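Here the structure is a predicted model, which means the values were calculated and not measured.
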Amino acid sequence: MTKDGDPLDRLTPFGWRGGVAVALLLSFVSFLAAGYFTVYWRNADMDFMVIYNALAMNDGGAQVFFDHPAYLTILSVKTWFALLHRLGLLDASSLSALPPAGDPAAFDAAMTSAVRAGRIVALLTAGGIMLTFAWLVRRLVSDRRIAMLAVAAFIFSGGVQVHLRILRSEMIAASLCVLALMMLIAAARRASLTRPLAVGLAALLCMLGLENKVHAILLIAAIPVLVLPFGHAASASLPFWRTPRAWAAVLIAAMAALAAAISASPLIAAGFDSANAAAAGLAPLLFGRFGLYQFALLGVIAACMLLFARLWRVSAAETLAAVLAVVTGASLGLLALKLSYDINDVVVVLNPLEKMITYVDAPDAAGNLTHALGLLLSGVLAVIERYTFVLHSSPRPTVFLTWLIIPGIIIAVRRGEGQTALQATLLMAAAIGIDAIGVRRGLKVEYFVFTDPLIILAGMALLDRLIDLRFSRFAYPIGAALLVLHVGISQAEPVKTALKRKGPEDVCAWKGHYLPRMALPWCDQPNSLPRT
C-alpha cells in the first residue's frame, strides 16, 4: 500500500503541528460557542465556590472551601483576578467590590465579569495541559500519527471538554498526576543521567495534584505499579551510575531530601495531629490513628522502585538517588501549601481517604471490610456496564476505545507481545478500579479526567506495537467513525449545559455554607431571577 493510502495518514491529514493546532482551535471555538457566554450562574457548582473564595481572599479574608480542597484552582483564580484588576480589566476583584444583591442588574454584571474571567483561567489551564500532554506523547511514541491520534483523543475526551469551561478541582489534580505518569514511563523506557530528577519532578506533580483534589490519591497509588512493565533493555543505568562518582550525586540527593523533609515536617505533624483532624470533621481510617496508610503507600512506592531496578538493571546508586528525589519532590510539593497557609488544607491533603469517605454514598463501609469489598465489586460491575455504552450511555467517547483495546490485548498476547499486553491490561485495570470507586459519587463527567488518559495510553501502547493492523480492511472506517464519535460526543455535555433552562435557585440550598458573605438576588429576593 502506498503512503497516500495509509489509513494513519488519512486519519491525521493536518500532520503533527497542524493537527495539534486544529484540535486546540476547535476547542477554543467550542469554548466560545458553549461556555464563555453562558449565563454566569449556569455552573454554580463549583464556579461560585471557587470564585467566592478568590474574591474573599483578595479582600484579606480566609478560604472557606476545603472539600477537595481545590487549593491551586482557588489560588490561580485569586491571582488572576488581582492581575486583571491591576490592569483595569476587572472592577470587582474582591468581595467588598461586588455590588449589593439589592441592585440585581449591577450584581449580575459584576458576577458575569468575574465568572467569565474565571472561565478564561479554566481555558488557559486546559490549554497548557493539552500542550504538555502533546509534548510528552511525542516522547512516548516515535510515530507522529499515533501521537496525534492520542492527543486528539485526550483533547476531545468528555472530561477535558467539560473542564475547559468550568472551574473545578479535578482538571489540575488529574492532569498533573497523568503527566507525572507519562514522565515516569518515558524515564522508564530509556536511561539518562538526569533520570532521578525526572522521578523527583513526577513526585512533585503528584503532590500538587493531591493538593487540588484528594481523589488523586487513587491514581497516585496506581502509578508505581503502572510504570513497572514499561522498562526496556535501554532502561539499564548509564555507566556514570555504576562509578564511584555516582555516590557523590547520591550524597547531594540525600542532603536535598533531608532539607526538604525537615522543612515539610511541621506540616506533616500538623496534618496528622488528631485534634486538627477532628476539628476538620475527619475520623481515622485504620486502627484509630492517622498517617498509617500514607506511610504504607510510601513503602509500596519504594518497593516498586526497587523491583523496577531489579527487573531492568538499574544500579543501586541511581535507585537510591531516585528514592531520595521522590522525598524531595513530595516535600517541596507539600510546602506549596504555605503559599496560602490554612490548617484545613493541610489536614485534608494529608488525610485524603478520610476526607473522601465522608462524601461517598455508603460511609458505613469504612468500618466493614466485607461491605467495602461488596461495594467495590458492585462498582466494577457498574463501570463495565458504562463501558458498554449500550447498557448505560454517557457523554464519554473514550468508552468506544475500550471496544478496541480489549481485542487488542488479546491480539498482542497471541502475537507474543506479552509486555505490551501487560502494559495495556494494567492501565485498563487502574481505570476500571478508579472508576469503580468514582461510582460511589455517581461517576460524574468531571471525574473522567482521572481515567480517560489511562484508557488513551493503553490504546496508544497497543497501536504502537500492533501498527500493522492499520492495513486491515476496516481500519480506516473504524478509525474515522471513532474520531467523529469522539469529537461529537465530547460536545454533548457542554451543549446540554449551555442550552438547559433550569433556574439558579438550587444555589440557595448551599449558599449559607459555601458563600457565607455573599448575598444572591434570587435567594434574598425571589422575584429577582437573573435572565438566562
Side-chain angles (χ1 to χ4, degrees), residues 135-136 139-140 176-177 179-210 220-269 272 291-338 350 419 423:
W135 177 71
L136 286 171
R139 298 193 62 192
L140 296 181
L176 289 182
C177 293
L179 296 177
L181 170 62
M182 296 172 71
M183 289 178 57
L184 291 173
I185 291 174
R189 285 183 167 180
R190 184 171 297 276
S192 69
L193 193 63
T194 58
R195 181 160 57 178
L197 292 178
V199 175
L201 179 57
L204 171 65
L205 293 178
C206 286
M207 180 56 73
L208 292 176
L210 185 62
I220 292 171
I223 286 176
V225 177
L226 294 178
V227 175
L228 284 175
F230 282 95
H232 190 267
S235 302
S237 293
L238 296 180
F240 168 83
W241 288 106
R242 302 186 186 278
T243 66
R245 291 181 299 167
W247 293 102
V250 172
L251 179 59
I252 295 173
M255 294 171 61
L258 181 62
I262 290 175
S263 299
S265 59
L267 293 175
I268 297 174
F272 291 150
L292 294 181
Y293 70 84
Q294 294 89 330
F295 286 103
L297 177 57
L298 293 178
V300 170
I301 293 172
C304 286
M305 294 178 72
L306 293 175
L307 180 57
F308 183 91
R310 181 64 181 269
L311 290 173
W312 306 109
R313 298 188 303 115
V314 179
S315 71
E318 183 180 2
T319 301
L320 182 54
V323 170
L324 292 169
V326 169
V327 175
T328 303
S331 298
L332 292 177
L334 189 60
L335 287 171
L337 291 175
K338 287 191 172 183
L350 288 177
Q419 186 176 355
Q423 293 167 358

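- Of all the heavy atoms in V199 and A322, the pair that sits closest is CG1-O, 3.9 Å.
- Put simply, CH2 on W135 and CG on L179 are 10.0 Å apart, with the number rounded to the nearest 0.5 Å.
- With hydrogens and angles ignored, the 3.5 Å screen pairs no side-chain donor or acceptor of R189 with any backbone N or O of A234.
- Taking CE of M182 as the reference point, atom CZ of F230 lies at 10.5 Å (rounded to 0.5 Å).
- For the ring pair (Phe, Tyr, Trp, His ring centres under 6.0 Å) test, residues two or more places apart in sequence or in another chain that qualify with F272 are F295.
- Atoms CE and CG, on M183 and L136 in that order, are 7.0 Å from each other to the nearest 0.5 Å.
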Report task. Test side-chain contact (heavy atoms from CB on, under 4.5 Å) on L334 and L350 and set out the steps. Result -> CA-CA 9 Å; L334 189 60; L350 288 177; 4.0 Å; yes

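- Contact record, L324 with A257: O-CB, 3.5 Å, taken as the closest heavy-atom pair.
- Within the 3.5 Å criterion, the main-chain N or O of S315 finds a donor-acceptor partner in the side chain of S237.
- Between the OG1 atom of T328 and the CD1 atom of I252 there is a distance of 12.0 Å, given to the nearest 0.5 Å.
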Point to revise | Intermediate values then yes/no, side-chain contact (heavy atoms from CB on, under 4.5 Å), C206 and I223 | key: CA-CA 10 Å; C206 286; I223 286 176; 3.8 Å; yes

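- Separation of atoms CG (L184) and CG (L201) is listed at 9.0 Å; rounding is to 0.5 Å.
- Residue pairs meeting the side-chain hydrogen bond (donor to acceptor under 3.5 Å, both in side chains) criterion with at least one member in residues 239-257, sequence neighbours excluded, do not occur.
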Stepwise side-chain contact (heavy atoms from CB on, under 4.5 Å) check, L205 with C177: CA-CA 6 Å; L205 293 178; C177 293; over 6 Å; no

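- Nearest approach of V250 to A321, heavy atoms of both residues: CG2-CB, 4.2 Å.
- S235 places a side-chain N or O within donor-acceptor distance of the main-chain N or O of A188, the cut-off being under 3.5 Å.
- Listed by first and then second residue, the salt bridge (Lys or Arg N to Asp or Glu O under 4.0 Å) pairs involving residues 311-320 are R195-E318 (not counting sequence neighbours).
- What you find for S263 and L335 is that their closest heavy atoms are O-CD2, 3.5 Å.
- Once rounded to the nearest 0.5 Å, the distance linking CZ of R310 with CG of L228 reads 14.0 Å.
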Quiz item: For V227 and M305, what are the C-alpha separation, side-chain angles and deciding distance, and is it a side-chain contact (heavy atoms from CB on, under 4.5 Å)?
Solution: CA-CA 9 Å; V227 175; M305 294 178 72; over 6 Å; no

